[in-house]
Undergrad: 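Got a structure for you, written out below as structure tokens; questions coming shortly.
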Amino acid sequence: MPSNHFKKATRWVCLPVAAAATLAACDINSQLDITDPDVLNVGDFNSPVGANPIRLGVLGDFTFAFSGTIDGVVVMSANLSDEVYSTDTFDGRLFPNQRATNDQLDQVATSYLNLHRARVGASRVVPILKEFTPDASANIAEMYAIRGYAENFFAELYCSGVPFSSEVDFGQPLTTEQMLQTALASFDSALAIVGTDVKVRSLAQVGRARVLLNLNRPADAAAAVAGVLTTYKYDQFHSQATGRQENGIWGALSVTSPRYSLYSKEGTVEFFRTPADPRVPWAATTRRGFNAAHTNINDQRKYTRSGAVTLADGVEARLIELEARLRGGTQADRQAVYDGLNALRGQWQELGYTTAIPALAGGAATTQDAAVTQLFEERALWMWLTGHRLGDLRRLVRQYNRNQADVFPSGALRAPLTGNYGDDVNFVIPVAETNNPNFNGCIDRGA
């Protein structure tokens with residue numbers, strides 16, 4: 001599926017020869033051939049001054065795929081999980097909301113291709129950086145880490161069977177575990193080369209731990225985030241300079257006739273409470289959705305048009321450590337997790353919140369199931385609309401033996417939609433992948 005996004009344009013100019021000639025002559029190799037300087041080959045960046053611009057381009061592609069479009073990772077995964085619901089008229093947004101996806105949905109295909117573009121771009125730029133800026137080890141490590149996040153997102157969002165093609169070779173379909181192992185290798189490469197850069201090192205540590213958690217290796221995941229500060233953040237930045245640079249989550253939920261809105265409760269977690277939790281700021285409005293039959297829809301207040309979106313942070317590191325501790329299964333473990341969750345809530349000022357987050361009431365859970373529910377509810381609140389929720393719901397099914405109908409939205413759809421939710425827990429790989437002769441569809445659709 002890969003393509004070269006930098007193509008050289010050559011204009012052929014053909015002029016008549018002597019007047020006596022009966023035919024015009026054209027030499028395609030003449031000095032009249034010109035190269036358009038506005039369209040560049042990757043090779044044009046193979047220099048010390050060109051390496052960094054192409055790296056910045058990859059970062060821009062990843063930000064766009066992650067949170068820079070209303071069909072990006074954050075919004076699409078939120079739609080299939082229980083964070084947002086569609087007020088649109090497009091099947092590509094309605095079907096995921098109903099947990100009934102297929103391989104013909106244009107918006108899902110857009111998200112899929114954007115994420116591959118970022119993944120392939122990171123792979124392309126690493127050798128260029130190594131050749132021309134070998135001392136910039138943090139930049140090289142960052143590209144490995146960005147690639148790791150893209151690979152992990154494929155494992156969290158899609159059914160097994162996604163091929164990781166390159167620009168010159170078609171990839172083989174990968175199981176979910178193989179995708180995660182590939183991501184793990186990318187993060188290992190980042191950590192092997194990063195040096196002393198704390199920002200990129202912590203990015204790779206949190207990403208590596210997230211993969212290990214997905215692989216059901218919680219103790220290893222907790223060890224992976226050792227030393228990551230609770231106040232650490234790696235953000236994807238947005239601006240109003242161009243439409244491509246705007247915050248796509250704001251564009252999905254906060255414009256005049258939005259494509260998405262918020263339920264007070266669509267699954268097992270009641271996100272939107274009164275008073276609102278500072279981690280999940282929302283407001284009721286009188287707006288209608290893109291489909292005007294959706295009225296008085298709720299709006300998010302977490303992001304502005306140019307607001308940054310967190311990819312990884314120290315709060316996630318602490319939550320990973322607490323989940324590993326909870327696996328101990330004793331009441332002492334449950335108490336330690338309860339205390340740890342309250343300690344995080346108590347750091348609200350250090351973490352940038354202007355309103356206090358009150359302590360959890362009622363004491364530590366006395367059963368393992370209740371403690372797991374409490375921990376995942378806290379994860380949902382801390383990491384709301386950051387692309388974590390779908391992966392967490394799948395883990396509740398896969399690792400904690402929860403019934404998917406008790407975890408994902410289920411039952412009757414909310415009016416004006418009719419019918420019932422389906423049983424999808426991931427996205428179908430888009431039909432565009434069928435140009436890969438190795439591809440034969442999803443290997444399985446399970447969590």
Side-chain angles (χ1 to χ4, degrees), residues 1-3 61 64-66 68-120 150-151 153-165 170-176 179 248 251-252 258-261 266 289-291 293-294 387 389-391 393-394 404 408-410 413-414 416-447:
M1 88 166 56
S3 62
D61 283 345
F64 185 69
F66 176 64
T69 166
I70 66 173
D71 297 314
V73 165
V74 174
V75 176
M76 293 294 286
S77 63
N79 190 28
L80 184 57
S81 64
D82 57 0
E83 290 183 306
V84 305
Y85 77 95
S86 176
T87 58
D88 204 0
T89 58
F90 287 32
D91 286 349
R93 300 180 183 118
L94 288 173
F95 284 12
N97 177 69
Q98 298 170 28
R99 297 181 59 205
T101 65
N102 61 64
D103 65 358
Q104 303 289 326
L105 305 178
D106 289 345
Q107 288 70 36
V108 177
T110 296
S111 180
Y112 182 82
L113 293 171
N114 285 338
L115 195 56
H116 271 305
R117 182 174 291 112
R119 178 189 62 80
V120 172
E151 292 160 343
F153 281 134
F154 280 113
E156 288 186 354
L157 271 61
Y158 290 90
C159 63
S160 62
V162 176
F164 286 174
S165 299
F170 287 112
Q172 294 291 332
L174 302 176
T175 66
T176 299
M179 285 187 265
R259 308 279 183 160
Y260 295 93
S261 185
E266 198 184 2
F290 190 81
N291 175 352
H294 295 271
R389 185 61 173 165
L390 180 56
L393 296 189
R394 292 181 69 182
Q404 64 166 261
F408 282 84
S410 58
L413 296 168
R414 182 180 181 181
L417 302 178
T418 59
N420 296 314
Y421 286 98
D423 57 6
D424 283 0
V425 296
N426 49 49
F427 289 100
V428 180
I429 301 165
V431 69
E433 192 63 71
T434 57
N435 84 98
N436 179 347
N438 301 321
F439 176 69
N440 292 302
C442 291
I443 295 174
D444 71 67
R445 297 298 313 283

Undergrad: Please confirm whether the backbone N or O of Phe64 pairs with a side-chain atom of Thr69, one donor and one acceptor, at under 3.5 Å?
TA: no
Undergrad: Taking the side chain as C-beta and beyond, is there a heavy-atom pair between Pro96 and Val108 under 4.5 Å?
TA: yes
Undergrad: Nearest 0.5 angstrom please: Phe164 CZ to Arg119 CZ, how far?
TA: 6.0 Å
Undergrad: How far does OG of Ser86 sit from NE2 of His294, to the nearest 0.5 angstrom?
TA: 6.5 Å
Undergrad: Determine the minimum heavy-atom distance between Pro258 and Ala252, stating which atoms define it.
TA: CB-O, 3.4 Å
Undergrad: Any idea which heavy atoms bring Met76 and Gly92 closest together, and the distance?
TA: CE-O, 4.1 Å
Undergrad: Could you tell me if Arg259 and Gln107 have a donor-acceptor pair between their side chains, going purely by distance under 3.5 Å?
TA: no
Undergrad: For the residue pair Phe439 and Phe170, is the inter-centroid distance of their aromatic rings smaller than 6.0 Å?
TA: no
Undergrad: Go through the side-chain N and O atoms of Asp444 and Ser160 and say whether any donor and acceptor fall under 3.5 Å apart.
TA: yes
Undergrad: Hey, what do you get for CG (Asn79) to CD1 (Ile70), rounding to the nearest 0.5 Å?
TA: 10.5 Å
Undergrad: Under the criterion side-chain contact (heavy atoms from CB on, under 4.5 Å), I'd like the reasoning laid out for Asn97 against Glu266: C-alpha separation, chi angles, the key distance, then a yes or no.
TA: CA-CA 10 Å; Asn97 177 69; Glu266 198 184 2; 3.6 Å; yes
Undergrad: Please confirm whether the backbone N or O of Pro409 pairs with a side-chain atom of Arg99, one donor and one acceptor, at under 3.5 Å?
TA: yes
Undergrad: State, to 0.1 Å, how close Leu94 and Leu417 come at their nearest heavy-atom pair, and which atoms those are.
TA: CD2-CD2, 4.3 Å
Undergrad: Within this structure, what is the CG-CG distance for the pair Leu390 and Asp82, rounded to the nearest 0.5 Å?
TA: 9.5 Å
Undergrad: To the nearest 0.5 Å, how far apart are CZ in Phe427 and SG in Cys159?
TA: 11.0 Å
Undergrad: Are Tyr158 and Asn426 close enough that some pair of their side-chain heavy atoms sits under 4.5 Å apart?
TA: no
Undergrad: How about Asp424 and Gln98: do any of their side-chain heavy atoms sit closer than 4.5 Å?
TA: no
Undergrad: How about Phe153 and Met179: do any of their side-chain heavy atoms sit closer than 4.5 Å?
TA: no
Undergrad: Tell me whether Asn114 contacts the main-chain N or O of Gly72 through its side chain, where contact means a donor paired with an acceptor under 3.5 Å.
TA: no
Undergrad: How far apart are the closest heavy atoms of Gly161 and Pro173, and which atoms are they?
TA: O-CB, 3.4 Å
Undergrad: Which atoms form the tightest heavy-atom contact between Asp103 and Ile429, and what is the distance?
TA: CB-O, 3.3 Å
Undergrad: Kindly indicate, with the supporting measurements, whether the criterion side-chain contact (heavy atoms from CB on, under 4.5 Å) is fulfilled by Thr101 and Arg445.
TA: CA-CA 11 Å; Thr101 65; Arg445 297 298 313 283; 3.5 Å; yes
Undergrad: Taking C-beta and beyond as the side chain, do Glu156 and Val73 meet within less than 4.5 Å on heavy atoms?
TA: no
Undergrad: Is Val425 close to Leu393 at the side-chain level, that is, under 4.5 Å between some pair of heavy atoms?
TA: no
Undergrad: Quick one: closest heavy-atom pair of Arg394 and Ala155, and the distance?
TA: NH1-O, 3.1 Å
Undergrad: When the ring planes of Tyr112 and Phe154 are compared, do they come out parallel, tilted or perpendicular, using 30° and 60° as the limits?
TA: perpendicular
Undergrad: Going from CZ on Phe90 to CG on Asp106, what distance comes out if it is rounded to the nearest 0.5 angstrom?
TA: 9.0 Å
Undergrad: Flag the pair Asp88 / Tyr260 as yes when at least one side-chain heavy-atom distance between them is below 4.5 Å, and no otherwise.
TA: no
